Amino acid sequence: MSEYNLNFVDGLIPVVVQDYKSGDVLTLAYMNKEALDLSLKTGYAHYYSRSKNRIRMKGEASGNTQKIIEIRPDCENNSLLLLVDQKGPACHTGNKTCFYRKLGEPQHIKEKIDYSLDFILDLENIINETKKHPRENSYTTELFKSGEENIKKKVGEEAVESVLAQGRDRIIYEVADLMYHLLVYLSYEDIKFSDIVAELSRRNVEKSK
């Protein structure tokens with residue numbers, strides 16, 4: 001995004017996120033150029049996670065997405081302000097904003113958020129890395145080498161096996177296979193799992209209107 005003349009330090013730029021309705025400051029995050037591109041493309045906030053070393057869409061695991069209303073750079077292009085339509089709490093503690101307490105006050109967990117989807121996103125990251133850096137004796141590498149048609153065929157086969165499976169344990173086993181092959185297919189097509197989440201969120205918003 002060099003056309004925006006933003007000053008990325010070590011590839012990152014700080015982002016202040018504000019609820020466009022209430023004016024509450026929700027959180028402070030960081031973006032790299034790819035995260036900014038994805039945010040502009042999808043209309044939903046994507047950030048670079050320094051702890052996980054990957055890009056994540058806000059709410060990709062919890063469902064508490066941030067629909068972007070406006071993006072403003074500061075006067076020296078050193079940081080960004082995101083005005084967003086926040087769905088649910090912005091903080092991992094379940095509080096509306098990450099700045100819910102005064103200095104010295106203890107942390108308060110208001111609502112436990114289910115982050116089980118994090119594993120899928122970590123798996124997606126591994127698959128994407130394998131795509132970029134093929135590994136010997138890797139089934140994922142072999143899938144990518146086999147090409148689009150074979151990957152689609154595998155997804156179809158796994159889908160059929162999933163719907164034909166009998167019993168809880170077998171259904172879980174086959175659906176797990178299906179989800180893995182779907183992630184490989186999405187990676188092959190350069191589509192992120194967060195793009196799917198954003199689309200589902202968009203549909204949910206439209207239905208609620």
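Keep in mind that what you see is a predicted model, and the values were worked out from it rather than measured.
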- Message: Per the side-chain hydrogen bond (donor to acceptor under 3.5 Å, both in side chains) rule, what does the pair list look like for residues 180-190, sequence neighbours excluded?
- Response: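 Output for this query lists N128-S187, K131-D190, Y139-H181, T140-Y180.
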Mind checking whether [X] and [Y] have side chains closer than 4.5 Å, heavy atoms only?
X	Y	value
Y48	M31	no
N150	L143	yes
N64	Q86	yes
Y47	L82	yes
R54	D122	yes
L38	M57	no
V25	V17	no
E174	E158	yes

If I take atom [atom1] from residue [X] and atom [atom2] from residue [Y], how far apart are they, to the nearest 0.5 angstrom?
X	Y	atom1	atom2	result
S39	K67	OG	NZ	14.5 Å
Y100	T93	OH	OG1	4.5 Å
D19	I69	CG	CD1	9.5 Å
L26	L28	CG	CG	11.5 Å
Q18	L81	CD	CG	5.5 Å
T130	I126	OG1	CD1	7.5 Å

Counting only N and O atoms by type, is there a donor-acceptor contact under 3.5 Å from the side chain of [X] to the main-chain atoms of [Y]?
X	Y	answer
E124	F193	yes
H108	P106	no
D74	E76	yes
N77	N7	no

- Task: Kindly give the cluster partners of V163, where membership spreads through any ILVMFWY side chain lying under 4.5 Å from a current member.
- Result: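 Hydrophobic cluster check, V163: joined to V160, L164.
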- Message: For R203, is there an ion pair with E199 - N to carboxylate O distance below 4.0 angstrom?
- Response: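 The answer is yes: the pair qualifies as a salt bridge.
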Shortest non-hydrogen contact from [X] to [Y]?
X	Y	value
A159	L178	N-CD1, 3.7 Å
L80	P73	CD2-CA, 3.8 Å
L83	Y20	CB-CB, 4.1 Å

Does [X] belong to the same Ile/Leu/Val/Met/Phe/Trp/Tyr cluster as [Y], with side-chain heavy atoms less than 4.5 Å apart forming each link?
X	Y	value
L36	L12	no
V16	F8	no
Y44	I55	no

- Restricting to pairs with a member in residues 91-103, which pass salt bridge (charged side-chain N to carboxylate O under 4.0 Å, His left out), not counting sequence neighbours?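 Qualifying pairs: D24-K96.
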- Item | Neighbour count above 12 (heavy atom, 6.0 Å) for Q107 CD |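 Yes, enclosed.
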- When you look at OH of Y173, are more than 12 heavy atoms from neighbouring residues, nucleotides or ligands closer to it than 6.0 Å?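 No, the 6.0 Å shell around OH holds no more than 12 heavy atoms from other groups.
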- Item | Audit row: I151, S146, side chain to side chain contact (heavy atoms under 4.5 Å, CB included) steps and yes/no | CA-CA 7 Å; I151 293 174; S146 69; 4.2 Å; yes
